[in-house]
Enquirer: 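The following block contains the structure, expressed as structure tokens.
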Number of protein chains: 2
Amino acid sequence: MFNSFVSYLVSPQASQGEGKMQKSLSVYDSDGSTFAPLVVIELVSETKEEAIAWLLNRVRDKQQDGGAELLVEQLTPGAQGTEKDNPNVYVVGASWQRLLYGAEDVGLFKEFNDGSMRGFTYANKHNFKEFQGDGDGFLSMAECQYIIKHELDNLRAKDEAHVPGYPKMKLYPGKSVIRRMQSKGILVQVFPLHEKEELKRLSFSWFKKIKLSFQPLDDIRHYFGEGMALYFGFLEYFTLALIPMALIGIPYYLFDWEDYDKFTVFAGFNLVWCTVILELWKRLSASLAYGWGTLSRKKAFEEPRPGFHGVLGVNPVTGRAEPLYSNAKRQLRIYLVSVPFVLLCLYLSLYVMMIYFDMEGWALMIHDEEPTFWTGLLLFIPSIIYAVVIEIMNLIYRYAAEFLTGWENHRLESTFQNHLVLKVLVFNFFNCFASLFYIAFVMQDMVLLRQSLATLLITSQILNQIMEAFLPYWLQRRRNKKAHKRMIKTMEDKELPLSEQVKLEADMSTYLGTFDDYLELFLLFGYVSLFSCVYPLAAVLVVLNNVTEVYSDAFKMCKVFKRPFSEPAANIGVWQLAFEAMSVIAVVTNCALIGMSPQVKSYFPESETQLIMWVVGFEHFLLASKFILTFVIPDVPKHIQIKLSRLEFESLEALKKRKMLEASGIPKTDK
Amino acid sequence: MFNSFVSYLVSPQASQGEGKMQKSLSVYDSDGSTFAPLVVIELVSETKEEAIAWLLNRVRDKQQDGGAELLVEQLTPGAQGTEKDNPNVYVVGASWQRLLYGAEDVGLFKEFNDGSMRGFTYANKHNFKEFQGDGDGFLSMAECQYIIKHELDNLRAKDEAHVPGYPKMKLYPGKSVIRRMQSKGILVQVFPLHEKEELKRLSFSWFKKIKLSFQPLDDIRHYFGEGMALYFGFLEYFTLALIPMALIGIPYYLFDWEDYDKFTVFAGFNLVWCTVILELWKRLSASLAYGWGTLSRKKAFEEPRPGFHGVLGVNPVTGRAEPLYSNAKRQLRIYLVSVPFVLLCLYLSLYVMMIYFDMEGWALMIHDEEPTFWTGLLLFIPSIIYAVVIEIMNLIYRYAAEFLTGWENHRLESTFQNHLVLKVLVFNFFNCFASLFYIAFVMQDMVLLRQSLATLLITSQILNQIMEAFLPYWLQRRRNKKAHKRMIKTMEDKELPLSEQVKLEADMSTYLGTFDDYLELFLLFGYVSLFSCVYPLAAVLVVLNNVTEVYSDAFKMCKVFKRPFSEPAANIGVWQLAFEAMSVIAVVTNCALIGMSPQVKSYFPESETQLIMWVVGFEHFLLASKFILTFVIPDVPKHIQIKLSRLEFESLEALKKRKMLEASGIPKTDK
């Protein structure tokens with residue numbers, strides 16, 4: 001609720017609706033009235049005065065005049081302000097009415113009086129369920145911040161040829177001002193502010209409680225937006241879905257069930273399970289997204305991403321002036337540079353793998369010569385080193401992939417993301433699993449496979465947790481040691497001045513999106529599913545990892561990073577596809593492993609050919625069933641499908657009625 | 001063009017726009033004015049007067065009063081009218097303006113002034129490209145007939161509890177009147193009239209010309225609608241796509257290339273080709289559908305199909321009274337009756353197959369004992385008999401499947417069709433190809449496989465052509481021998497009276513949709529792709545068949561059947577999926593055949609296991625490439641994608657502008 005973050009301090013206009021938007025951290029508008037700061041804009045300290053004045057005016061201008069009609073003020077440094085502080089920090093807010101209009105602009109879906117989710121319209125506002133009185137509890141703070149970001153991004157140049165004071169910073173009619181200033185580097189960052197009270201409540205219910213419980217997904221969505229909430233929802237779902245597998249896996253460890261007969265049963269169960277859980281997740285995520293109003297929300301027209309450059313031309317879709325970049329050139333860059341580069345990296349990864357096997361053989365040799373406890377430990381060293389090297393290579397490759405994909409100069413952020421995900425996925429998959437494939441199908445050494453799998457899985461889990469949450473936290477602590485102390489001191493104090501809060505948050509690291517988090521889950525899913533029939537304990541390890549992952553992710557979102565802008569999302573996007581591809585590969589590998597097991601081989605003592613034919617037939621049958629199952633299980637639960645159809649039907653009927661009225665109003669002269 | 005079928009006879013009101021709709025076959029309205037008859041309604045001859053009067057009134061009533069606002073008149077029997085003729089035949093037309101409003105109702109897309117396709121609106125009519133003057137050449141006759149059918153179907157009961165005069169023919173508010181009368185049997189048929197002049201022109205350019213040329217797809221679409229035009233487009237595309245394969249296949253026959261090496265090359269080419277042509281067809285069909293305005297047309301809300309029955313309840317989507325039927329009951333019927341029935345039929349088909357193999361063995365035995373020319377011919381007899389039996393079984397099964405699917409009581413026509421297609425496809429696939437699979441993979445007899453394939457293919461082609469076009473034509477000739485003679489005599493005569501034309505057309509067979517035509521193509525595609533590497537001549541035979549198929553199909557559409565209502569379609573629907581599934585199965589069978597070839601076997605003289613591993617690996621690689629290719633090739637060509645996005649963008653912008661105007665109109669009291 002909006003009112004949850006509003007007003008301990010009541011402003012003079014509190015009774016006039018807009019006044020209710022005041023909060024403890026309020027700044028004075030140029031009119032002398034106060035407003036709640038929602039978003040911070042930071043310009044570089046040496047920005048020219050005229051550019052600043054121009055930007056502020058454009059932000060404040062009325063919408064009819066092409067402005068954003070927002071409230072914006074310079075942040076006055078607090079008492080502790082030093083000369084080193086950047087003076088060009090501005091806080092942005094908006095009048096309550098402006099936010100409601102903005103909610104209509106961005107196409108927010110809210111619960112209607114009849115329980116269905118509908119696109120919010122200002123004219124119809126009183127028919128929405130939670131719109132009471134002046135509707136001050138209607139929009140969450142995250143939604144308000146999202147609206148402001150949208151309005152800022154859509155602040156477009158009119159007839160300015162360049163940013164005032166910067167003749168080289170070219171503008172053309174329709175170019176997003178904020179994006180241009182960002183890509184040219186005078187705009188350092190735009191970020192939303194945390195809300196301490198709500199964050200405290202959220203932290204408590206999320207990760208500070210000791211007792212086991214589901215995550216507060218609605219609260220997470222309320223504070224961080226739908227994209228983040230879907231990630232945590234998926235993480236939780238994935239963990240729960242693995243628990244049956246983990247429970248079955250434990251006796252294998254406890255009772256040393258090393259025979260393949262039982263592994264085969266386990267693998268069979270695993271395959272069905274993988275398919276079913278992925279399909280059920282689609283339905284669950286549709287339910288969640290419907291309740292959050294993102295399921296039927298239409299995507300707005302996508303603007304070019306900030307880094308996109310090209311020769312100024314006319315976009316054939318919008319008819320607006322816009323940089324254009326030839327598709328042929330991009331394809332050339334992809335196929336002549338990016339693809340060879342990825343292949344080279346894959347070769348390098350293979351090379352490293354071979355070194356690992358050499359080390360492995362060397363360690364084994366030493367152990368065989370002189371088998372002591374220490375040489376026994378030595379056996380694990382190559383795997384651990386290899387796991388660390390894999391992580392480092394993944395990290396380096398990640399930067400290279402980002403650079404390359406940026407250089408490919410994709411017009412849309414979504415295409416950029418898809419190409420990046422594809423590059424990173426292929427390499428990470430290869431890098432993490434190549435050695436396991438080699439051990440399983442070339443060396444056919446199941447004992448080594450089990451040992452490598454365990455070492456890789458455990459090492460990468462530990463490394464990940466460190467890299468992801470504790471390292472940034474520790475770095476940040478070091479950096480703001482002084483500021484941090486102050487923060488700790490005043491954390492309980494509601495009267496921490498706004499300027500202090502902004503300064504603290506501006507120095508926090510920026511959260512780069514859910515990409516790395518999903519990637520980690522994807523690789524874990526691979527460890528569980530690809531070779532599950534030789535190491536059933538993997539599921540147990542992944543469940544344990546995921547439980548701590550929830551806590552460390554929650555911790556990093558609340559304590560380590562700047563608040564991210566909420567990102568509306570209806571599903572986990574390309575990751576659903578990635579997980580499904582992995583489950584298809586898992587069918588193939590598991591069938592192959594089953595076919596290689598001595599128990600299965602003993603059924604066909606005479607002919608190896610027949611064995612292979614049976615295994616291949618069984619695999620084809622499984623693959624076909626998988627596809628049929630994907631096709632048969634509806635992606636959206638029935639009750640939500642009905643609600644969606646009803647809405648569509650009503651809008652069709654309304655259109656028909658309107659047309660009928662119009663038609664009867666026109667005199668039919670020639671009848 | 002509408003004016004192409006309009007007015008040799010100029011009516012008194014010809015100068016008033018609506019008057020231009022008159023045509024040679026005009027009837028007088030109750031006001032004494034004439035109108036062009038478009039659609040015929042036939043009621044059973046003993047229908048009660050009050051029911052007729054009520055129906056005609058409802059059809060004529062104004063839309064505001066819940067009527068269809070169409071023109072309808074009883075057909076006055078011509079000079080040759082006998083007493084046996086049914087007097088309850090009515091012709092329906094509409095005023096020109098009504099048709100334009102109807103075009104908006106059904107959501108017709110037309111070419112706009114700027115070259116893009118847009119939903120037609122009456123208010124905006126003058127901005128459409130072909131709308132000149134009063135716009136009398138704007139709608140094709142097929143479109144007008146489609147509009148009238150739509151308006152008739154949407155004529156709904158108001159507060160009548162039953163059809164007047166028939167207390168048992170229950171109605172409830174919102175029930176489609178026409179559908180109820182149809183399902184209760186007093187409405188015999190509703191069909192659109194042929195237009196002789198246009199039909200003559202179409203026939204000439206379509207199948208009466210001797211020279212080879214592309215089919216006049218636009219004219220076919222103009223006369224028969226998009227669904228039919230897409231079928232003929234697909235037939236033509238499929239034939240053209242097979243020509244390269246046929247060209248490669250001919251030397252195999254001519255030079256007796258019986259070695260597998262060359263077959264392997266052929267099969268490899270075939271596999272890539274199948275995938276690519278199906279993907280390219282998607283793009284081509286998107287182009288066609290865009291030009292015809294069906295690509296971005298929204299599907300209207302689907303009403304229950306005529307045969308659907310259940311207990312009267314409230315539809316959760318529309319909130320209207322409607323029969324409801326529990327989904328659980330339907331599932332029970334499907335899984336407890338339909339599925340076992342289909343399995344039983346499959347078993348029966350297997351049994352027949354085994355009898356065929358017995359006959360085959362018996363014929364071979366006779367030939368071996370006494371090898372003469374006649375016993376050599378005898379070798380082909382079992383295959384021919386089997387092919388005939390397969391066709392008969394397919395035919396019988398088709399009726400059973402239709403009955404069963406009707407009994408499953410699906411609410412929507414589309415679900416009904418999907419279940420019917422699934423049932424028929426599975427059985428036909430099994431029935432036609434089971435014996436080939438058995439020969440190929442169990443008996444591993446490639447010579448027999450080739451011989452069976454050829455016999456099956458040729459026999460089924462001949463049977464199909466007979467069953468499909470010549471048999472109905474011959475039956476019809478016999479039936480209307482007298483009438484036919486008269487028709488032949490007056491065919492050239494433009495003044496054939498309307499009542500005669502209606503009588504002739506009412507007696508023609510009804511075309512039951514493209515289902516059987518697509519099914520035939522599907523099976524032919526199977527013959528070509530599944531075992532292409534043992535019988536490259538199959539492609540040649542299929543090309544020859546398709547060329548004659550075009551002619552016989554065109555002939556049957558123009559001469560044998562009643563004109564069908566045009567069916568808007570954006571693609572070939574479920575058949576695309578069916579063809580793609582077939583091409584996946586083809587990858588598996590061809591890889592297996594290649595693996596069984598002596599040439600390939602000779603590469604792995606030592607180990608059969610290795611051979612199989614390589615083949616399986618190759619097959620997996622092909623399948624993966626297929627999926628990636630499907631994913632990578634965009635389904636809609638770029639230039640159409642741009643047009644679609646532009647339209648969407650413009651409507652978004654228009655909405656925004658409207659909202660902005662509304663917003664600035666509202667006084668901001670609390671600012």
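No experiment lies behind these values; they were computed from the predicted model shown. In what follows, chains are A, B, ... by sequence order, proteins preceding strands, each numbered from 1.
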Enquirer: Considering residues, nucleotides and ligands other than A/Glu648, do more than 12 of their heavy atoms fall under 6.0 Å from its CD?
Expert: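 It does not: A/Glu648 CD has 12 such atoms or fewer within range.
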Enquirer: Check the side chains of B/Thr609 and A/Glu608 for a donor-acceptor pair under 3.5 angstrom, ignoring hydrogens and angles.
Expert: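 Side chains of A/Glu608 and B/Thr609: pair found under 3.5 Å.
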Enquirer: Picking from B/Leu623, B/Ile642, B/Val584, which has the most non-hydrogen pairs under 4.5 angstrom with chain A?
Expert: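 Highest number of heavy-atom pairs under 4.5 Å: B/Ile642.
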Enquirer: Which atoms of B/Phe441 are under 4.5 Å from chain A, going by heavy atoms: the side chain, the backbone, both sets, or neither?
Expert: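 Neither part; nothing is under 4.5 Å.
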Enquirer: Answer yes or no: is there an ion pair linking A/Lys626 with A/Glu580, defined by an N-O contact shorter than 4.0 Å?
Expert: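 Between A/Glu580 and A/Lys626 there is no salt bridge, as every charged N stays at least 4.0 Å from the carboxylate O atoms.
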Enquirer: Can you tell me which portion of B/Ile585 sits under 4.5 Å from chain A's heavy atoms? Options are side chain, backbone, both or neither.
Expert: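 For B/Ile585, no heavy atom lies under 4.5 Å from chain A.
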Enquirer: Please look at B/Asn327 and chain A and tell me whether the side chain, the backbone, both or neither of the residue comes under 4.5 angstrom of a heavy atom of that chain.
Expert: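 For B/Asn327, side-chain heavy atoms alone lie under 4.5 Å from chain A.
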Enquirer: Hey, are B/Arg98 and B/Glu151 close enough for a salt bridge, meaning a charged N less than 4.0 Å from a carboxylate O?
Expert: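 Looking at B/Arg98 and B/Glu151, the cut-off is met.
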Enquirer: Evaluate whether atom CZ of A/Phe618 has more than 12 neighbouring non-hydrogen atoms of other residues, nucleotides or ligands under 6.0 angstrom away.
Expert: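 At most 12 heavy atoms, drawn from other residues, nucleotides or ligands, come within 6.0 Å of this atom.
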Enquirer: Only pairs of heavy atoms separated by less than 4.5 Å count here; which of B/Met613, B/His620, B/Lys638 has the most with chain A?
Expert: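 Between B/Met613, B/His620, B/Lys638, the count favours B/His620.
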Enquirer: Can the ring centres of A/Phe120 and A/Tyr101 be said to be less than 6.0 Å apart?
Expert: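 No.
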Enquirer: Side chain, backbone, both or neither: which part of A/Glu650 has a heavy atom under 4.5 Å from chain B?
Expert: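 For A/Glu650, there is no contact with chain B at all, as no heavy atom is under 4.5 Å.
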Enquirer: For chain B, which of A/Val616, A/Val588, A/Thr318 has the most heavy-atom pairs under 4.5 Å?
Expert: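 Top count of heavy-atom pairs under 4.5 Å with chain B: A/Thr318.
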